[in-house]
Novice: 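Quick one: structure below, then a few questions.
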Amino acid sequence: HEAEKNVPYGVYRYLDNRYFRFPEWLRYHAAADGFWILTEKFDLRGNLAYDSYQDRLISYTNASFNENSISFNSKLENFTYSTAWTGTYKPGNAHVFSFGLNSTEFVLEKKPDLDQKWIEHHTNTSSLYLEDMYQPADGTSFRMGIGSNLFSQGNKTLRNYFAFSILADHKILSKIMLNAGLSKMQRFPTLNSLYSQDYGNPDLKPEDGIKYEMGVSGKFSVPGFPIN
C-alpha cells in the first residue's frame with residue numbers, strides 16, 4: 001500500500017492561533033503474513049510489517065502565509081518495523097500450549113528547521129510469552145502464562161520486565177460461568193509521549209501494574225432477542 005496526500009493549511013486556534021501548512025505528507029505501509037500447519041498438533045503464524053510517515057510542516061506567525069511570516073520550516077520522518085510470531089501445540093485433549101515472540105522498533109527523525117541537523121530518537125519493545133490452557137473437566141478451564149517484556153530507549157540499556165497471568169473459568173449452571181484472574185503487566189511510553197515538542201518527557205519510565213478481576217458471565221435467550 002502506498003498513499004500520498006496534500007494536507008491543506010489551516011488555523012489551529014487551540015494552539016494559540018498558530019498557522020500551519022503541510023506542503024508534503026507521505027504515508028507508506030507494507031505487511032506480510034504467513035500461517036503454517038507443521039503437524040496435526042503444531043501450527044505457527046508469522047507477521048512482518050513496515051510503516052512510514054513523513055511530512056514537512058511550515059509554521060507561520062500570521063494568516064498571510066508568506067515567506068516573510070515563516071516561524072519555522074520543519075521535516076519529520078517516522079518509521080515502524082515490527083514482527084510477531086505465535087504458535088500453538090496440542091499434546092492432548094486437556095492442554096493447549098501457546099507461545100509468542102513480538103518485537104517493534106520505532107524510529108523518529110526530525111529537523112526542527114531545514115537548516116538544522118537531523119535529530120533521531122528510537123525505542124524498541126519486545127516480548128516473549130508461554131501459556132498453557134488446561135481443561136481438567138468439562139466446564140472448567142485454567143490459563144497460566146509467563147512472559148518477559150523488554151524495553152529500550154535510545155542508547156540506554158535494554159531492560160527486562162517479568163509478566164504473568166492466571167485465569168480461571170468454571171461453569172456453575174448450564175449457561176452461567178464464574179471467572180477470576182490475576183496478572184502482572186507493563187505499559188511502555190510511546191515516542192510521542194517521550195519526545196513530542198509540545199508535551200514530551202524523555203524521562204518517563206514504564207508503568208508496572210497488577211490486575212485483579214472477578215466476574216460472572218451468562219447467556220440467556222428470549223425468542224428473537226439473545227442476551228449475553
Novice: In terms of the angle between their ring planes, are Phe151 and Phe188 parallel, tilted or perpendicular, with boundaries placed at 30° and 60°?
Specialist: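 Because their plane-to-plane angle is under 30°, the rings of Phe151 and Phe188 count as parallel.
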Novice: Would you compute the distance between atom OG of Ser183 and atom OH of Tyr212 and round it to the nearest 0.5 angstrom?
Specialist: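 It comes to 9.5 Å.
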Novice: Below 4.0 angstrom, N of the basic side chain to O of the carboxylate: do Arg143 and Glu131 qualify?
Specialist: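 Salt bridge present between Arg143 and Glu131.
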Novice: Where the side chain of Lys184 meets the backbone of Phe162, is there a donor-acceptor pair that is under 3.5 Å apart?
Specialist: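 Yes, Lys184 side chain to Phe162 backbone: donor-acceptor pair under 3.5 Å.
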Novice: Between Asp51 and Tyr53, does any side-chain donor sit less than 3.5 Å from a side-chain acceptor?
Specialist: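 Note: Asp51 and Tyr53 side chains miss the donor-acceptor criterion.
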Novice: How many angstroms lie between atom CZ of Arg21 and atom OH of Tyr60, to the nearest 0.5 angstrom?
Specialist: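 Arg21 CZ to Tyr60 OH: 5.5 Å, rounded to 0.5 Å.
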Novice: Taking atom CD1 as the centre, does Ile210 end up with more than 12 heavy-atom neighbours from other residues, nucleotides or ligands that are less than 6.0 angstrom away?
Specialist: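 Yes, enclosed.
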Novice: Identify the two heavy atoms, one from Trp85 and one from Gly46, that lie closest to each other, and give their separation to 0.1 Å.
Specialist: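 Looking at all heavy atoms of both residues, the shortest contact is CE3-CA, 3.3 Å.
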Novice: Test Val107 against Glu120 for side chain to side chain contact (heavy atoms under 4.5 Å, CB included), laying out the working first.
Specialist: CA-CA 7 Å; Val107 180; Glu120 180 177 326; 4.2 Å; yes
Novice: Answer yes if Tyr161 and Leu182 sit in the same cluster of Ile, Leu, Val, Met, Phe, Trp and Tyr residues linked by side chain heavy atoms under 4.5 Å apart, and no otherwise.
Specialist: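 Cluster IDs for Tyr161 and Leu182 differ.
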Novice: Step by step, would you call Leu194 with Asn201 a side chain to side chain contact (heavy atoms under 4.5 Å, CB included)?
Specialist: CA-CA 5 Å; Leu194 289 167; Asn201 180 1; over 6 Å; no
Novice: Between atom CG of Leu108 and atom CD of Glu77, what is the distance when rounded to the nearest 0.5 Å?
Specialist: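 Output value for this atom pair is 10.0 Å.
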Novice: Can you confirm whether more than 12 heavy atoms, excluding those of Phe35, are under 6.0 Å from its CZ atom?
Specialist: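 More than 12 within 6.0 Å, yes.
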Novice: Give the minimum heavy-atom separation between Phe106 and Thr125, together with the two atoms involved.
Specialist: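 Where Phe106 meets Thr125 most closely, the heavy atoms are CE1-OG1, 4.1 Å.
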Novice: Side chain of Lys175, backbone of Leu173: donor and acceptor closer than 3.5 Å?
Specialist: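 Pair absent, no side-chain N/O of Lys175 close to backbone of Leu173.
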Novice: In Å, rounded to the nearest 0.5 Å, how long is the span from OH of Tyr134 to OG1 of Thr140?
Specialist: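 It comes to 10.0 Å.
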Novice: More than 12 heavy atoms of other residues, nucleotides or ligands under 6.0 Å from NZ of Lys90: yes or no?
Specialist: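 12 or below, so no.
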Novice: Would Asn78 and Leu76 count as a side chain to side chain contact (heavy atoms under 4.5 Å, CB included) if you check the C-alpha gap in whole Å, the side-chain angles of each, and the deciding distance to 0.1 Å?
Specialist: CA-CA 7 Å; Asn78 265 321; Leu76 174 72; 4.2 Å; yes
Novice: Determine whether the side chains of Ser127 and Asn102 contain a donor N or O and an acceptor N or O closer than 3.5 Å.
Specialist: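 Yes.
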Novice: Tell me if a side-chain donor or acceptor on Asn66 pairs with a main-chain N or O of Asn68 at a distance below 3.5 Å.
Specialist: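 Between the backbone of Asn68 and the side chain of Asn66 there is a qualifying donor-acceptor contact (under 3.5 Å).
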Novice: At their closest point, which heavy atom of Phe99 faces which heavy atom of Thr88, and how far apart are they?
Specialist: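 Shortest heavy-atom contact: CE2-N, 4.2 Å.
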Novice: What distance do Lys111 atom NZ and Ser74 atom OG have between them, rounded to the nearest 0.5 Å?
Specialist: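 Here the interatomic distance stands at 11.0 Å.
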Novice: Decide, yes or no, whether a salt bridge links Arg45 with Asp33 under the criterion of side-chain N to carboxylate O below 4.0 Å.
Specialist: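 Result for this pair is no, no salt bridge flagged.
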Novice: Ser69 and Ser64: which non-hydrogen atoms are nearest, and at how many Å?
Specialist: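 The answer is OG-OG, 3.2 Å.
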Novice: Should we say atom CG of Asp138 is surrounded by more than 12 heavy atoms from elsewhere, each under 6.0 Å from it?
Specialist: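 Check fails, neighbour count at 12 or below.
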Novice: Under 6.0 Å from the CZ atom of Arg56, do we count more than 12 heavy atoms belonging to anything else shown?
Specialist: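 Check passes, neighbour count above 12.
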Novice: Treating Asp113 as the side-chain partner and Asn73 as the backbone partner, does any N or O pair qualify as donor plus acceptor under 3.5 Å?
Specialist: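 Looks like yes, one N/O pair under 3.5 Å.
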Novice: As a quick check of understanding, evaluate side chain to side chain donor-acceptor pair (under 3.5 Å) for Ser103 and Ser126, giving each step before the final call.
Specialist: CA-CA 4 Å; Ser103 183; Ser126 300; 2.9 Å; yes
Novice: Counting only heavy atoms not in Glu213, do more than 12 sit closer than 6.0 Å to its CD atom?
Specialist: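 Atom CD in Glu213 is packed in, count exceeds 12.
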Novice: To the nearest 0.5 Å, tell me how far Ser148 OG sits from Leu130 CG.
Specialist: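 So the gap between those two atoms works out to 12.5 Å.
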Novice: Taking atom types as modelled, find out whether Gln54 and Ser52 have a side-chain donor-acceptor pair closer than 3.5 angstrom.
Specialist: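 Yes, a side-chain donor-acceptor pair sits under 3.5 Å.
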Novice: Which atom names give the shortest non-hydrogen contact between Pro202 and Gln153, and what distance separates them?
Specialist: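 Nearest heavy atoms, Pro202 then Gln153: O-NE2, 3.0 Å.
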Novice: Please evaluate residues Ile176 and Val216 with respect to the criterion side chain to side chain contact (heavy atoms under 4.5 Å, CB included), reporting the C-alpha separation (whole Å), side-chain torsions for both, the decisive distance (0.1 Å), and the verdict.
Specialist: CA-CA 7 Å; Ile176 298 179; Val216 179; 3.6 Å; yes
Novice: State plainly whether the residues Glu24 and Lys75 are in salt-bridge range, i.e. N to O under 4.0 Å.
Specialist: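 Between Lys75 and Glu24 there is a salt bridge, with a charged N closer than 4.0 Å to a carboxylate O.
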Novice: Are the side chain of Thr123 and the backbone of Gly154 linked by a donor-acceptor contact shorter than 3.5 Å?
Specialist: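 No, the answer is negative, given that no donor and acceptor are paired below the 3.5 Å cut-off.
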Novice: Quick one: closest heavy-atom pair of Met177 and Asp169, and the distance?
Specialist: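 Minimum heavy-atom contact is CE-CB, 3.6 Å.
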Novice: Fit a plane to each ring of His95 and Phe97, take the angle between them on a 0 to 90° scale, and name the class: parallel (under 30°), tilted (30 to 60°) or perpendicular (over 60°).
Specialist: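 Plane angle under 30°, so parallel.
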Novice: Linking I/L/V/M/F/W/Y whenever their side-chain heavy atoms sit closer than 4.5 Å, directly or via other members, would Met144 and Tyr129 fall into one cluster?
Specialist: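 No, Met144 and Tyr129 fall in different hydrophobic clusters.
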Novice: Is Thr104 reaching over with its side chain to a backbone N or O of Ser82, donor-acceptor style, under 3.5 angstrom?
Specialist: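 No; zero donor-acceptor contacts below 3.5 Å.
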